[in-house]
Amino acid sequence: MGNQKEPAKVLISGWLTKKGSANAFSSGNTWRRRYFMLFAPTSSGHGAVLRYFTSDATTGTPRGDLAILPGSAVRVLDTEASLVEHGLNGKFLGKRLFAFHSVPARGEREIARSAFILEAETTATMQSWVTALAEIVSEARTTAAGGGGGGGMVKGGGGG
């Protein structure tokens with residue numbers, strides 16, 4: 001048993017709709033339903049991670065992993081100013097949108113490009129995700145301030 005990998009604890013999981021990223025192949029205006037899982041850091045030193053899949057059969061390869069870092073941030077997009085800041089227009093006002101930044105944006109122009117824009121099916125679901133992400137980011141900051149780890153690699157995160 002000593003050599004077995006410690007399973008990561010899932011803090012929250014469920015379906016969210018993710019806004020695609022603009023790149024050479026996409027305008028970034030596509031929204032795709034993805035199955036997200038937020039994993040807690042492990043005692044063996046693996047940091048927290050937000051992982052997403054194309055289906056809830058999570059045994060396959062994830063579409064992307066987003067490391068939860070001390071500089072990560074989550075924000076509800078509930079004002080026209082917050083929508084515009086993240087590259088969205090006023091028609092999205094009133095939707096259950098939030099933005100997650102794994103890596104801090106450097107300057108105003110990078111905010112929209114570096115964010116994962118996510119939509120929840122209900123307000124309660126959105127609040128649960130925002131709370132869980134905010135708590136794990138806070139934990140990453142506390143760990144980093146205390147001299148602990150908190151680093152991680154970002155894989156995927158494209159338009160899918």
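Here the structure is a predicted model, which means the values were calculated and not measured.
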Here the pair of heavy atoms bringing Val130 nearest to Val76 is CG2-CG2, 3.9 Å
Taken in chain and number order and not counting sequence neighbours, the residues that satisfy side-chain contact (heavy atoms from CB on, under 4.5 Å) with Ile12 are Leu38, Ser128, Trp129, Ala132
Notebook entry, point to check: Do side-chain atoms of Arg32 reach the backbone of Lys18 as a donor and acceptor pair under 3.5 angstrom?
Noted result: no
Taken in chain and number order and not counting sequence neighbours, the residues that satisfy side-chain contact (heavy atoms from CB on, under 4.5 Å) with Glu121 are Trp15, Arg33
All heavy atoms of Leu11 vs all of Ile136, minimum pair found to be CD1-CD1, 3.6 Å
Sequence neighbours excluded, the answer for side chain to side chain donor-acceptor pair (under 3.5 Å) partners of Ser138 is none
Quick one, Leu77 and Phe92 - any side-chain contact, counting heavy atoms below 4.5 Å?
no
Practice item. Take Leu97 and Leu83 through the test side-chain contact (heavy atoms from CB on, under 4.5 Å) and record every step on the way to the result. Key: CA-CA 9 Å; Leu97 298 175; Leu83 291 169; 3.9 Å; yes
Residues Lys19 and Leu88: closest non-hydrogen pair is CE-CD2, 3.5 Å
Considering only heavy atoms from C-beta outward, does the side chain of Phe98 approach that of Leu133 to under 4.5 Å? yes
Distance col, row Arg34:CZ vs Thr54:OG1, nearest 0.5 angstrom, shows 6.0 Å
Rounded to the nearest 0.5 Å, the CZ atom of Arg96 sits from the CG atom of Asp78 at a distance of 13.5 Å
Show your working on side-chain contact (heavy atoms from CB on, under 4.5 Å) between Phe39 and Lys9 and close with a plain yes or no.
CA-CA 6 Å; Phe39 292 92; Lys9 178 182 174 189; over 6 Å; no
In terms of heavy-atom contacts, Val49 and Asp65 come closest through CG2-CB, 3.9 Å
Mind checking whether Phe53 and Phe36 have ring centres under 6.0 Å apart? no
Between Arg75 and Ser82, the two heavy atoms sitting closest are NH2-CB, 3.3 Å
| query | Hey, are Tyr35 and Ser13 close enough side-chain-wise for a donor-acceptor pair under 3.5 Å? | reply | yes
Separation between CG (Leu93) and OG1 (Thr79), nearest 0.5 Å, reads 7.5 Å
Of all heavy-atom pairs linking Ser72 and Ala67, the shortest is OG-O, 3.8 Å
Practice prompt. Give a yes or no answer on whether the side chain of Arg141 reaches the backbone of Pro70 with a donor-acceptor pair at less than 3.5 Å.
Written response: yes
* Between Ile68 and Phe100, is a side-chain contact (heavy atoms from CB on, under 4.5 Å) present by the stated rule, with each step listed? -> CA-CA 10 Å; Ile68 310 297; Phe100 175 71; 3.5 Å; yes
* Asked: Could you walk me through whether His86 and Ile117 pass the side-chain contact (heavy atoms from CB on, under 4.5 Å) check?
  -> CA-CA 8 Å; His86 287 84; Ile117 308 298; 3.8 Å; yes
